[in-house]
Engineer: 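Below is one structure. I have some questions about it.
In what follows, chains are A, B, ... by sequence order, proteins preceding strands, each numbered from 1. None of the values given here were measured: they were computed from a predicted structure. What you see below is based on every heavy atom in this structure, not just the backbone, and it leaves out hydrogens, waters and symmetry mates.
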There are 2 protein chains.
Amino acid sequence: MSRADTKERILDAAERLFGAEGFHNTSLRGLTSAAGVNLAAVNYHFGSKEALLEAVFERRLVPLNRVRRERLEAVREAARRDRVLPGAADVLRAFIEPTLHFCKMEPGAESFLPLVGRALAEPDDTIRKIFLRHMEPLFLLLYETLCEALPRLSRTQIFWRLHFTIGAMGHTMCMNGRFKILPPGVETPSDAAFLTQVLLDYIVAGMEAPCA
Amino acid sequence: MSRADTKERILDAAERLFGAEGFHNTSLRGLTSAAGVNLAAVNYHFGSKEALLEAVFERRLVPLNRVRRERLEAVREAARRDRVLPGAADVLRAFIEPTLHFCKMEPGAESFLPLVGRALAEPDDTIRKIFLRHMEPLFLLLYETLCEALPRLSRTQIFWRLHFTIGAMGHTMCMNGRFKILPPGVETPSDAAFLTQVLLDYIVAGMEAPCA
DNA sequence: GAGCGATTAAAACAAACGTATGACACAAAT
DNA sequence: ATTTGTGTCATACGTTTGTTTTAATCGCTC
């Protein structure tokens, strides 16, 4: 019955469970039974659990990063054409906004975000490498574009500030939805557009801050 | 031979391995053989692997958080005495600087930092709870003090900006030392004082940023 | 419709894990 | 000198893990 879509079913369940419970805390038995497929199907279609994780990343990251790259280079090109510096806010928005649109389009993608957030802090180097293989070229492009936008800062300064920015973004993606501690007087809007604006205010100010 | 210090040996090895390899990736067999103690010693002295993690957190976090609390309340008190608002930079420095001094004093504490950084992104709720039990009261105090320092911002705004700040700090602690991707032209100083200053410049600007 | 490659099903595999057990060593106290 | 309690040791237990294997089933071409 479910011949061709078995791979998709596995990918969907893996994305959801890896994002919610973590990679190591998700067993292939729980995953395959959640997907309604046989236990051996993972190893047959993907080869191993790690290769499945790789496929999960690839399915989302390849189209998403293509859009991000296009938007980053559009910002770069527009600035070069107008003979001005690219704005740090435009650069960062070009990197962040596609994630937002992408999550509205693809169903189930919201459970992908925590997975990305955790990959940044992953202790297991094998897992981290799988993620960074897709992200490293884009991080470098983002870094170089930020260096163009902020010529008054040293490359070392920009590197660390980008590092903080990635940390803030990753942590936000990790906590997507479930919050344990909510101080009184704080509404948890979960309005993605609002949250993106608050995030952008923060990281743009941090990026453009004067050095002490 | 190693009567009383067996517990300490286990705690030291656990701190190092949990920080470097992660909690779930560290087996009790590897841990006890690294500590030079018997496999059963962990369950004898601590009861379980999770209780050991709790003890690892407690040993460092209790004294560290006491200092942080004192410094936060000193900033608060000084502002109240002078009838001025506490400065956001002073508040954040009161929270961050003790970590720096604490890591210089206690040997092996630098491997504790990645453990803290990862606890924030931990998918396993049991582990997260153990960490948050020590941190939540202090996060709340930090949050309230920041609300005093930044009365022009809504509590929701400050909540999210503190959230980003914690993410930036956690990610920095995770990457303490080992870096995979280093763009050309970036020196990796690892000078903790310098890094703290760069971090403070960033998060203070992010905290004080105007709302768009 | 026979034959064949591709896919699924059920069961078994070896390895690793956290934990528990029971014997032993060595103090200090009785 | 004997008891008692504490800590250490080697070892075994029961589970769970990812992976492999062996059969059975399905869809298709000739």
Engineer: Rounding to a whole Å, what distance do you find between Asn25(B):CG and dG18(D):P?
Structural biologist: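 My rounded result for the distance is 13 Å.
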
Engineer: Should the pair Glu54(B)-Arg133(B) be classified as a salt bridge under the 4.0 Å nitrogen-to-oxygen rule?
Structural biologist: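 A salt bridge is present here (some side-chain N lies under 4.0 Å from a carboxylate O).
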
Engineer: Grab the CG-C1' distance between Leu31(B) and dA16(C) for me, whole Å please.
Structural biologist: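 One finds 16 Å between C1' of dA16(C) and CG of Leu31(B), rounded.
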
Engineer: Determine, for Arg59(B) against Glu8(B), whether the closest basic-nitrogen to carboxylate-oxygen distance falls under 4.0 angstrom.
Structural biologist: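 Between Glu8(B) and Arg59(B) there is a salt bridge, with a charged N closer than 4.0 Å to a carboxylate O.
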
Engineer: Salt bridge or not between Arg155(B) and Glu144(B)? Use side-chain N to carboxylate O under 4.0 Å.
Structural biologist: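 Salt bridge between Arg155(B) and Glu144(B), a charged N being under 4.0 Å from a carboxylate O: yes.
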
Engineer: Where do Arg68(B) and Leu142(B) land on the side chain to side chain contact (heavy atoms under 4.5 Å, CB included) test, with the steps shown first?
Structural biologist: CA-CA 9 Å; Arg68(B) 287 206 262 227; Leu142(B) 175 60; over 6 Å; no

Engineer: Under 4.0 Å between a side-chain N or O of His45(B) and OP1 or OP2 of dT8(D)?
Structural biologist: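 Result: yes.
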
Engineer: Does NZ or CZ of Lys49(A) come closer than 6.0 Å to the centre of the six-membered ring of Phe23(A), within 45° of the ring's axis?
Structural biologist: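 Relative to the ring axis of Phe23(A), which defines the angle, Lys49(A) lies inside both limits.
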
Engineer: Nearest-Å distance, CZ (Phe46(B)) to P (dT8(D))?
Structural biologist: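 Computing the Phe46(B):CZ to dT8(D):P distance gives 11 Å.
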
Engineer: Quick one: Asn43(B) CG to dT8(D) P, roughly how many Å, whole number?
Structural biologist: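 Spelled out: CG on Asn43(B) to P on dT8(D) is 13 Å.
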
Engineer: Compare side-chain N and O positions of Ser27(A) against OP1 and OP2 of dT17(D) and report whether any pair is under 4.0 Å apart.
Structural biologist: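 For dT17(D), OP1/OP2 do have a side-chain N/O of Ser27(A) under 4.0 Å.
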
Engineer: List for me each residue that meets salt bridge (charged side-chain N to carboxylate O under 4.0 Å, His left out) alongside Glu58(B), sequence neighbours excluded, and say none if there are none.
Structural biologist: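 Here no residue qualifies.
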
Engineer: Decide yes or no for Phe102(B) and Val67(B): does some side-chain heavy atom of the first lie under 4.5 Å from some side-chain heavy atom of the second?
Structural biologist: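 They are not in side-chain contact.
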
Engineer: Generate the contact string for nucleotides 9-14 of chain C. Rules: B means base contact, S means sugar-phosphate contact only, - means no protein heavy atom under 4.0 Å.
Structural biologist: BB-B--

Engineer: Please tell me if the side chains of Ile96(A) and Ile203(A) come closer than 4.5 Å, counting only heavy atoms from C-beta onward.
Structural biologist: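 Counting from C-beta outward, Ile96(A) and Ile203(A) do come under 4.5 Å.
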
Engineer: dT8(D) P sits how many Å from Tyr44(B) OH, rounded?
Structural biologist: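 Taking OH of Tyr44(B) and P of dT8(D), I get 7 Å after rounding.
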
Engineer: Mind checking if Thr32(B) touches a base, just sugar-phosphate, or nothing, with heavy atoms under 4.0 Å?
Structural biologist: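 Touches nothing.
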
Engineer: In whole Å, what is the span from the CD1 atom of Ile10(A) to the C1' atom of dG18(D)?
Structural biologist: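 Computing the Ile10(A):CD1 to dG18(D):C1' distance gives 14 Å.
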
Engineer: Test your reading of the model: is there a side-chain donor-acceptor pair from Arg9(A) to the backbone of Gly36(A), 3.5 Å cut-off?
Structural biologist: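 Yes, because the side chain of Arg9(A) sits within donor-acceptor range (under 3.5 Å) of the backbone of Gly36(A).
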
Engineer: Between C1' on dT7(C) and CG on Asp5(A), what's the gap in Å once rounded to a whole number?
Structural biologist: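 Roughly 12 Å, once rounded to whole Å.
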
Engineer: Side-chain N or O of Thr6(B) versus OP1/OP2 of dT8(D): is the shortest distance under 4.0 Å?
Structural biologist: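 For dT8(D), OP1/OP2 do have a side-chain N/O of Thr6(B) under 4.0 Å.
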
Engineer: Listed in order of residue number, which residues of residues 47-55 of chain B have a non-hydrogen atom at under 4.0 Å from DNA chain D?
Structural biologist: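 Heavy-atom contacts with DNA chain D come from no residue of residues 47-55 of chain B; none.
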
Engineer: Whole angstroms only, please: what is the CD-P distance between Glu8(B) and dG7(D)?
Structural biologist: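 For the pair Glu8(B) CD and dG7(D) P, the rounded distance is 14 Å.
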
